[in-house]
Amino acid sequence: MALLTPNDLININKQLQEADSTVQRVTGLDIKGICKALYGTFPGSEKVGIVPVTSGNGIIGNFSASLNAITQYFGFESFVTDMLDVSGYYEAVRNGAEIILMADDYTFLAHNLKNGKMANNQPCTGIIYAEIASRYLKADSKNVLVVGLGKVGFPGAAHLVQKGFRVYGYDPDENFLQRAVSSLGVIPFNPEKPKKFSIIFEATPCANTIPEPVLSENCVLSTPGIPCAISEELRTKYDVQLVAEPLGIGTVSMLYSVL
Ligand code: NAI
Ligand code: PYL
Ligand code: MG
């Protein structure tokens with residue numbers, strides 16, 4: 001898994017506010033509105049306990065503090081435990097946490113201790129970025145290009161297929177592409193024979209993954225992928241509506257999915 005760095009999370013509140021404005025402009029709904037429409041839930045007074053985890057590559061500076069800021073931005077009560085790992089989990093539950101958020105290098109989970117529901121960040125991130133893309137108010141067709149069909153991209157592509165979109169997919173890994181073609185009915189996209197899209201969803205750990213010929217003027221590019229899929233130069237040239245944020249949109253999708 002491509003791991004976040006403390007730099008990705010600098011000014012997380014500002015990053016969230018900017019993403020929220022873009023989502024509102026692109027879809028007519030803010031991020032909370034997208035979550036409510038997607039999961040049919042809304043927060044009551046759930047208290048979220050955030051547990052820092054030291055295993056593997058260890059603590060990511062700003063990670064727990066960013067989760068705390070994110071959960072509060074979306075209206076949840078939350079706290080970060082003083083203790084780490086198992087002792088932190090014990091502290092969170094003893095202090096009344098109803099939802100636990102914690103991550104190692106492979107899994108970032110939300111677990112609602114009251115109703116038993118559990119969420120994984122990768123599918124929840126793919127689904128919400130795909131949902132945002134699918135709601136583009138100025139889309140010119142039901143065609144969507146999905147770039148990257150891994151742990152985040154595949155569930156996002158599945159969501160778009162389920163919503164009735166014509167999903168074109170690209171992944172340089174032939175096994176990932178074939179899985180999406182055979183199990184979802186995704187249409188393989190050939191970068192040698194490009195066509196233009198007004199809706200693009202990207203989920204790769206690489207930069208500059210969007211070939212210029214697929215961009216239409218004012219298209220939406222909804223991408224959780226880090227680093228960003230498009231250069232600033234191309235973004236400006238095609239006036240691309242860019243939905244990209246490193247942690248918050250995926251996290252709130254997890255939280256609403258366990259309510
Ligand atoms: P993954 O490794 O499971 O999948 C990535 C896929 O992208 C692979 O199938 C790979 O073959 C493909 N790929 C690589 N280069 C490509 C290219 N040039 N064009 C098309 N496809 C290409 O990774 P995962 O877990 O799906 O994560 C994807 C990205 O999303 C990572 O950068 C990760 O850090 C980020 N992420 C961001 C989150 C957020 O909230 N913003 C949350 C979770 C993940
Ligand atoms: C959740 C993100 C999105 C992209 N990559 C995922 C990642 O960086 N995972 C690792 C999270 C480790 C957190 C660390 C801590 O500070 O508690 N164990
Ligand atoms: Mg996110």
Side-chain angles (χ1 to χ4, degrees), residues 1-9 12 15-16 18-20 22-23 31 34-35 50-68 70 73-74 80-81 83-85 88-89 100-110 119-132 145-157 168-180 188-191 200-211 214 222-230 242-255:
M1 184 199 281
L3 303 183
L4 290 167
T5 68
N7 275 351
D8 294 323
L9 300 171
I12 194 71
Q15 295 195 59
L16 262 179
E18 286 173 4
D20 220 354
T22 310
V23 169
I31 297 169
I34 297 282
C35 286
I50 297 154
V51 183
V53 172
T54 63
S55 71
N57 285 290
I59 301 282
I60 296 177
N62 296 338
F63 186 75
S64 293
S66 297
L67 289 181
N68 205 28
I70 288 162
Y73 178 90
F74 289 110
V80 180
T81 59
M83 302 294 280
L84 313 174
D85 303 320
Y89 184 93
I100 302 289
L101 281 182
M102 60 185 187
D104 65 12
D105 295 347
Y106 304 99
T107 305
F108 171 22
L109 65 80
N120 179 307
N121 176 253
Q122 290 151 340
C124 287
T125 298
I127 287 166
I128 193 167
Y129 276 84
E131 177 72 19
I132 291 166
L145 175 63
V146 178
V147 178
L149 292 160
K151 292 183 285 297
V152 174
F154 183 88
Y168 293 78
Y170 175 68
D171 196 303
D173 184 322
E174 193 59 31
N175 292 326
F176 283 100
L177 181 59
Q178 274 317 315
R179 177 182 65 158
F189 175 74
N190 180 354
I200 304 172
F201 162 57
E202 193 263 12
T204 85
C206 303
N208 303 319
T209 52
I210 309 298
V214 306
S222 185
T223 173
I226 299 164
C228 189
I230 193 175
L242 180 65
V243 180
E245 184 278 336
L247 188 62
I249 297 177
T251 302
V252 71
S253 176
M254 295 163 72
L255 290 170

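Numbering of ligands and ligand atoms starts at 1, following listing order.
At distances below 3.5 Å, not a single donor-acceptor pair connects side-chain atoms of T81 with backbone N or O atoms of V51. Judged by distance alone, with hydrogens and angles left aside, the side-chain atoms of D171 form a donor-acceptor pair with the main-chain N or O of L149 at under 3.5 Å. Between the Q15 side chain and the D8 main chain, a donor and an acceptor come within less than 3.5 Å of each other. Within the 3.5 Å criterion, the main-chain N or O of C124 finds no donor-acceptor partner in the side chain of Q122.
A search for side chain to side chain contact (heavy atoms under 4.5 Å, CB included) contacts involving T209 returns V147, E202, T204, C206, A229, not counting sequence neighbours. For the ring pair (Phe, Tyr, Trp, His ring centres under 6.0 Å) test, no residue two or more places apart in sequence or in another chain qualifies with F154. With sequence neighbours excluded, no residue forms a ring pair (Phe, Tyr, Trp, His ring centres under 6.0 Å) with Y73.
Of all atoms in ligand 2, numbered sequentially from 1 with element shown, those under 4.0 Å from a heavy atom of F108 are 1 (C). Numbered from 1 in the order shown, with element, the atoms of ligand 2 that lie under 4.0 Å from a heavy atom of G58 read 14 (C), 18 (N). Listed by atom number, the atoms of ligand 2 under 4.0 Å from P52 heavy atoms are 17 (O). Every atom of ligand 2 is numbered from 1 in the order shown, and the set under 4.0 Å from a heavy atom of A103 is 11 (C), 12 (C), 13 (C), 14 (C), 17 (O), 18 (N). Atoms of ligand 2 lying under 4.0 Å from at least one heavy atom of I59, given by number and element, are 15 (C), 16 (O).
Considering both main-chain and side-chain atoms, I60 comes within under 3.5 Å of ligand 2 through a nitrogen or oxygen pair. In terms of N/O distances under 3.5 Å, ligand 2 is approached by L4.
Closest to atom 17 (O) of ligand 2, if we only count protein heavy atoms, is V53 N, 2.9 Å. The closest protein non-hydrogen atom to atom 6 (C) of ligand 2 is M1 SD, 3.5 Å. Nearest non-hydrogen protein atom to atom 5 (N) of ligand 2 is A2 O, 2.9 Å.
Of the candidates T125, L101, L4, L101 is the only one forming a side chain to side chain contact (heavy atoms under 4.5 Å, CB included) with F108.
With a 4.0 Å cut-off on non-hydrogen atoms, T125 does not touch ligand 2 at all.
Two residues are said to be in side-chain contact when any heavy atoms from C-beta on lie closer than 4.5 Å; F201 and E131 fail this criterion. Using a 4.5 Å cut-off on side-chain heavy atoms (C-beta onward), P246 and L9 make contact.
The contact shell of ligand 1, taken as protein residues with any non-hydrogen atom closer than 4.0 angstrom, comprises A2, N121, Q122, T125, V147, G148, G150, K151, V152, Y170, D171, P172, D173, F176, A203, T204, P205, C206, T209, P224, G225, I226, E245, P246, L247.
The CD1 atom of I34 sits 5.5 Å away from the CD1 atom of I132 when rounded to the nearest 0.5 Å.
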